[in-house]
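Here the structure comes first, spelled out in structure tokens, and everything after it is commentary.
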Amino acid sequence: MNDRPDLAQVQEHVVGFLGKLRQQPSSLHVQAGDITVDITWPADVPRPGHHAADGLAIDAISPNGHARDGHAGHESTHAEPREYLTSPAVGVFYHAKEPGAEPFVSVGSAVEPGQQVGIVEAMKLMLPVEADRAGIVIDVLKANGAPVEYDEPLFALTSAED
Amino acid sequence: MFGKVLIANRGEIAIRIARACRELGIKTVAVYSTEDRDSAIRGYADEAVHIGPGPAKRSYLNMAAIIEAARQTRADAIHPGYGFLSEDPDFAEVCQANDMVFIGPPAEVISQLGEKSAARMVMAGTGLPVLPGSRHPMRSPEEACVIADETGFPVIIKAVAGGGGRGMRVVYDRRDFLRDYRSTAAEARALFGDSRVYLERYLPSARHVEVQVLGDAHGNAIHLGLRDCSVQRRHQKLVEESPAPSLPADIARRMGEDAVAGAKACGYVGAGTFEFLLDPDNDYFFIEANCRIQVEHPVTEMVTGIDLVQEQLKIAAGHRLGLRQQDVASRGAALECRINMENPDRSFAPCPGRIDSLALPAGPFVRVDTHGYAGYRMPAIYDSLLAKVITWAPTRDDAIARMERALSEFEISGPGISTTARFLGRVLAAEEFRAARHDTGLVPRLLGTSAAGRPAAA
């Protein structure tokens with residue numbers, strides 16, 4: 001918290017930046033430390049030029065670029081909160097069906113409700129992690145093989161609304 | 001000794017266990033459900049893992065979630081507390097299979113004693129007195145009728161898998177027997193997933209007296225004296241005390257010796273309780289054994305100076321008992337009052353909710369075990385126990401006076417909140433309680449109902 005850049009200042013820049021875009025991105029990820037800006041455009045929307053799309057979501061603006069626990073976006077006046085797909089159980093989280101296989105989803109993937117997005121292993125039982133909502137994956141919050149708790153955010157999604 | 005212990009429980013007992021761990025230099029891991037995300041243990045423990053949503057089946061009874069939490073945090077042992085998984089032999093086995101120590105007796109011992117009808121027969125075989133009744137779970141309503149007639153009415157029908165005062169019914173009249181037999185079996189199936197029931201003679205006037213035992217993995221066992229838990233409402237204890245008052249010393253000694261013999265006979269390891277009923281002639285009968293730390297364990301701690309949770313941890317770590325029977329001495333008298341979030345004016349209906357302000361008793365020789373704090377929202381889906389107030393004094397009369405003083409200091413406020421504190425004051429003031437002439441009918445008499453929920457005149 002102490003090393004957080006001045007929030008108001010960052011917010012002002014982000015709002016100014018968004019104003020210059022012809023169309024809104026589905027998500028904008030800003031890291032203020034060494035200045036990183038990630039923009040995600042909805043896959044199914046044509047991209048006029050290199051800046052365009054419908055929908056808007058600003059991720060939480062924090063020094064490490066990782067927002068957690070649904071606090072994301074609350075500080076931004078224009079933003080919708082990002083949404084999360086969370087773990088159904090305590091266990092070990094896997095991105096793919098088996099070691100070396102393609103991950104179920106990655107940043108930019110569109111997900112539908114009921115679609116499998118990962119696996120949580122609890123006592124040798126492989127529990128599928130299924131999306132409970134539609135959206136575009138904008139962040140993978142847990143590494144492959146990471147221990148996770150119940151209800152812990154695994155993926156950040158854009159809001160499916162609009 | 002263990003480096004880290006996971007506490008698979010909630011409420012006051014989770015904090016009680018964490019305190020013993022901290023005193024022994026053991027790190028603790030709390031587990032919590034979504035409902036308990038603001039619970040005090042989350043802040044007290046060194047680590048905390050969110051294991052599931054509110055319903056216990058998916059959190060505190062979810063073995064996979066608890067084992068995974070222990071694995072992630074590299075805990076060496078799991079303390080189950082009371083209730084939840086504490087007396088589940090499968091859980092004890094699962095812990096072992098995952099190289100974690102279950103802090104409790106071995107799975108086989110829990111199985112044997114958990115089957116209450118079988119436990120009765122094992123103890124009868126060891127020479128402990130048991131009440132007349134069935135020798136095995138009843139196989140048919142017809143057989144049950146024959147056994148009930150042989151036993152003599154009134155009888156009590158009990159679930160083989162029962163516990164926590166649930167799944168039992170008293171039958172006074174043989175004409176009601178078949179109906180009550182069927183409803184108890186149905187209730188047992190609903191509550192415990194096991195419809196088997198057995199029966200015993202019912203003692204209309206009895207005291208509930210239990211013996212605290214400790215056994216180690218090297219074949220040693222001792223007892224830490226008796227507790228009287230006769231102040232009950234619908235088989236739920238409200239006030240407990242140690243020693244058992246106005247009990248002749250030779251009877252108390254024999255009960256203690258019998259409990260130790262029973263513990264040794266079944267290979268008991270850890271802290272456990274042997275429960276007895278005591279009739280007005282001071283004849284006593286074994287009814288069941290509990291394979292866990294009990295809610296009322298503090299009264300024993302207060303009179304013996306022995307920390308039972310620390311003993312559980314040492315025994316589970318393989319230590320020999322550091323005490324011999326002759327080292328155990330009971331001094332003075334201790335009482336425990338359970339303050340539940342219940343409304344005595346509305347037949348003790350639970351009244352959970354947000355606590356706006358809370359003043360807890362303190363001062364000389366007063367102990368309070370609680371997870372409550374001002375601002376805490378007591379969940380509706382768990383036990384209504386909020387605090388245990390324990391007092392000690394050189395004599396029983398002084399311990400009662402001290403308890404009255406302690407309860408007078410207890411204050412709570414919040415929307416819709418009510419507790420049993422004032423009702424407990426009525427119990428303490430009752431003449432038969434003061435004189436230690438009370439039995440399990442005391443609370444029903446105070447409430448104007450009989451023990452079985454009938455009008456007192458019946």
Side-chain angles (χ1 to χ4, degrees), chain A residues 1 60 66-74 81-99 104 113-114 116-133 139-157, chain B residues 4 6-10 28-39 41-43 45-75 78 84-85 88 90-100 102 379 381:
Chain A
M1 285 297 175
H66 282 282
R68 288 287 174 79
D69 296 332
H71 297 304
H74 290 175
R82 49 153 54 170
E83 295 185 350
Y84 297 94
L85 301 181
T86 63
S87 174
V90 185
V92 180
F93 176 48
Y94 293 111
H95 291 181
K97 198 165 189 171
E98 54 206 29
F104 289 103
Q116 184 168 4
V117 295
I119 289 173
V120 170
E121 179 190 353
M123 284 184 75
K124 299 181 182 98
L125 255 173
M126 299 296 172
L127 306 166
V129 183
E130 290 174 357
D132 58 356
R133 65 198 71 197
D139 205 352
V140 180
L141 303 167
K142 284 282 163 185
N144 191 47
V148 293
E149 298 183 22
Y150 171 75
D151 209 29
E152 194 166 358
L154 305 175
F155 300 98
L157 294 191
Chain B
K4 196 187 272 186
L6 180 139
I7 302 163
N9 214 296
R10 61 176 304 283
T28 51
V29 180
V31 295
Y32 64 96
S33 72
T34 310
E35 280 285 317
D36 276 337
R37 60 189 172 274
D38 299 323
S39 64
I41 187 63
R42 245 190 106 179
D46 296 293
E47 291 169 79
V49 180
H50 188 186
I51 51 165
K57 223 171 201 161
R58 295 189 55 200
S59 47
Y60 300 107
L61 291 172
N62 181 346
M63 295 187 202
I66 291 166
I67 296 289
E68 282 298 323
R71 214 199 310 269
Q72 285 183 11
T73 53
R74 300 177 197 284
I78 299 183
F84 296 126
L85 294 170
D88 187 330
D90 293 344
F91 185 60
E93 242 167 58
V94 167
C95 290
Q96 201 183 6
N98 285 277
D99 295 323
M100 291 158 196
F102 172 80
I381 59 172

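Each chain gets a letter, A, B and so on, in the order the sequences are listed, and its residues count up from 1.
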Under 4.5 Å heavy-atom distance to chain B, tell me which part of A:A89 shows up: side chain, backbone, both or neither. neither

Counting only non-hydrogen atoms closer than 4.5 Å, does B:A48 touch chain A with its backbone (N, CA, C, O), its side chain (CB onward), both, or neither? backbone

Should we count CD of B:Q96 as having more than 12 external heavy atoms under 6.0 Å? no

Verify the distance criterion only: is there a donor paired with an acceptor across the side chains of B:N62 and A:Y150 at less than 3.5 Å? no

Determine the option with the most heavy-atom pairs under 4.5 angstrom with chain A, choosing from B:V31, B:I51, B:T34, B:I66. B:I51

May I have the step-by-step check of ring-ring contact (aromatic ring centres under 6.0 Å, His included) for B:H50 and B:Y32, ending in yes or no? CA-CA 5 Å; B:H50 188 186; B:Y32 64 96; 5.0 Å; yes

Measuring only between side-chain heavy atoms, which start at C-beta, is B:L6 closer than 4.5 Å to B:M100? no

